[in-house]
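This report refers to the structure that appears directly beneath it.
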2 protein chains.
Amino acid sequence: MDLDAYPHPALAVDCVVFGLETDKSHETCLNVLLIERGLEPFAGAWALPGGFVHIDESLDEAARRELAEEAGLHDVFLEQLYTFGAPERDPRGRVVSVAYYALVRLSDHHVRAATDARQARWFPVSQRPDLAFDHRQIVDLAYQRLQAKVRYQPLGFELLPQKFTLSQLQRMYEHILERPLDKRNFRKKILGMDLLVALDEMQQGVAHRAARLYRFDEQRYNRLVQRGFNFEV
Amino acid sequence: MDLDAYPHPALAVDCVVFGLETDKSHETCLNVLLIERGLEPFAGAWALPGGFVHIDESLDEAARRELAEEAGLHDVFLEQLYTFGAPERDPRGRVVSVAYYALVRLSDHHVRAATDARQARWFPVSQRPDLAFDHRQIVDLAYQRLQAKVRYQPLGFELLPQKFTLSQLQRMYEHILERPLDKRNFRKKILGMDLLVALDEMQQGVAHRAARLYRFDEQRYNRLVQRGFNFEV
DNA sequence: CCAAAAGTGTTCACGGTACACCCATGC
DNA sequence: GCATGGGTGTACCGTGAACACTTTTGG
């Protein structure tokens, strides 16, 4: 059969990028990165970073390329989410989009506006504007997936600095899961997993007792998983 | 931007169809449906049912159409799995494939060979032949997903007849999870969920004490979920 | 009467949850 | 010295896991 016997849909990738606003104040919240569209359709509207897949690159490569081009992001956690293919999802014609979600450390990555002067901005997930195409649906699904997966995979560390306090870790989970956790139980459970390494280093410049810093030990995690360990928050 | 400025990859769907061989004997096992390819590439090899997405149908529609065309299957449980897009996965050129997995009741569905004389056959998941393209990878991922999801979603009922015994239900889980379950604990847990309706009907034609038949009550399940209930085996 | 599977309760160990006070630091 | 978050232990309860015998039916 000839591959070109029928017309092919266009193929795109779109990325839902999550980040924790870790400003110096104690207020943090889960944000999503949006791009202001410069071109029709939906010119001037907010949308997910993304674009068409090149004929010689894999889907993952396309997603990473778009994140680099449109937001200056490199080396982030990235995972495929779902493929959206309703025939009328793009007014220009048939476009199927493979959606990804990404987690970034805002401490490491400064988001650059895209090269072509459209702006890139963070919005709290709960206060995002109307989005172009079916991107609202995509963000909703990505957030659901994040909420589910953060509980049984150590994804959350991708959102924090390499060195973090237990309170930062706890607040991260509280923001994603949208419910409070008990401080003593949380610490007991997390430290009991033997995944975190206590550093000889304390938090700096806070107006109260400084907290100890920890880091996530990925090697130790992988070893534990091989022995049947299951991460769970 | 012109949608056709660049060449588009071809877009296909492939389906991993699982079924439980429920022959009259007590031996059941998890099977996957394969198609013998009639055309190059990989002519004569076994492969997943699937084909190219038409320009005006959704991805789900394409998957259901292919299941009907290639295996005579209708009205099955179907869920998107993952999209495979490595540039070299098809020797004919760039083909991106949206993979699905399906669960069928072998009691309800007789698999018909496809119209064009290629055969369709069930193979035990653990004894499947070499497969065309990257289909081995797709089956592996589908099986992993099934093993994970069957534990926290009531998917398993899609593999059993509408009326089933608790032992059939237990054996289904044992085959999918590949580990034995304790009979008393299993019954206590399942019945305690209040999801099954005991029927006034017994198993027929067995050479030992006849077991009671049950059915899964989906409405009751949906109501419980809304109250925060979590299915778990 | 024998083979084969159905059906049925209790005990124990562990992990989840609830809960309140003192400590260290910067201002 | 006071405001702010850091850090710590115990008691209770519910759920998961281990475990064996009697019942029913067909052949």
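Chain letters run A, B, ... following the sequence lines, proteins first, then strands; residues in each count from 1.
One interatomic measurement links the two molecules: CD of B/Q170 to P of C/dA5, which rounds to 13 Å at whole-angstrom precision. We find that CG of A/L169 is positioned 12 Å from P of D/dG7, with the value rounded to whole Å. Per the geometry, CG belonging to B/L181 stands 17 Å off C1' belonging to C/dG7, to the nearest Å. Summarising the geometry, the separation between CZ on B/R212 and P on D/dT24 is reported as 13 Å, rounded to the nearest angstrom. One can place CG of A/D182 at 15 Å from P of C/dC21, the figure rounded to the nearest angstrom. Atom CZ of A/R184 is separated from atom P of D/dT8 by 12 Å (rounded to the nearest Å). Remark: P of D/dG5 and CD of A/E174 are 13 Å apart, rounded to the nearest angstrom. Protein atom CZ of B/F186 is 13 Å distant from nucleotide atom P of C/dG7, rounded to whole Å.
Rounded to 10°, the helix from C/dC1-D/dG27 to C/dC27-D/dG1 has 10° between the axis fitted to its first five pairs and the one fitted to its last five.
For A/Y152, there are no ring-ring contact (aromatic ring centres under 6.0 Å, His included) partners two or more places apart in sequence or in a different chain. Shown here are the salt bridge (Lys or Arg N to Asp or Glu O under 4.0 Å) partners of B/E201, two or more places apart in sequence or in another chain: B/K163. Listed by chain and residue number, nothing satisfies the side chain to side chain donor-acceptor pair (under 3.5 Å) test with B/R64 (two or more places apart in sequence, or in another chain). Partners of A/F18 by ring-ring contact (aromatic ring centres under 6.0 Å, His included), not counting sequence neighbours: none found. With sequence neighbours excluded, the residues that form a ring-ring contact (aromatic ring centres under 6.0 Å, His included) with B/Y82 are B/F84.
Sorted by first and then second residue, the side chain to side chain donor-acceptor pair (under 3.5 Å) pairs with a member in residues 208-217 of chain B form an empty list; sequence neighbours excluded. Among residue pairs with one or both ends in residues 72-83 of chain A, those qualifying as salt bridge (Lys or Arg N to Asp or Glu O under 4.0 Å) are A/E79-A/K149; sequence neighbours excluded. Among residues at least two apart or in separate chains, there is no salt bridge (Lys or Arg N to Asp or Glu O under 4.0 Å) pair with a member in residues 223-233 of chain B. For the salt bridge (Lys or Arg N to Asp or Glu O under 4.0 Å) condition, no pair includes a residue of residues 181-190 of chain B, sequence neighbours left out.
From A/L20, atom CG reaches atom CG of A/N31 across 8.0 Å, with rounding to the nearest 0.5 Å. A distance of 9.0 Å separates CZ of A/R105 from CZ of A/F164, quoted to the nearest 0.5 Å.
Side-chain N/O atoms of A/S167 include one lying less than 4.0 angstrom from OP1 or OP2 on D/dG6.
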For nucleotides 13-17 of chain C, list the nitrogen or oxygen atoms of the protein found under 3.5 Å from its nitrogen or oxygen atoms, one pair per line.
from: C/dT17; atom 1: O4; to: A/K188; atom 2: NZ; distance (Å): 3.2

Please enumerate all protein N or O atoms sitting under 3.5 Å from an N or O of nucleotides 24-27 of chain C, with distances to 0.1 Å.
none

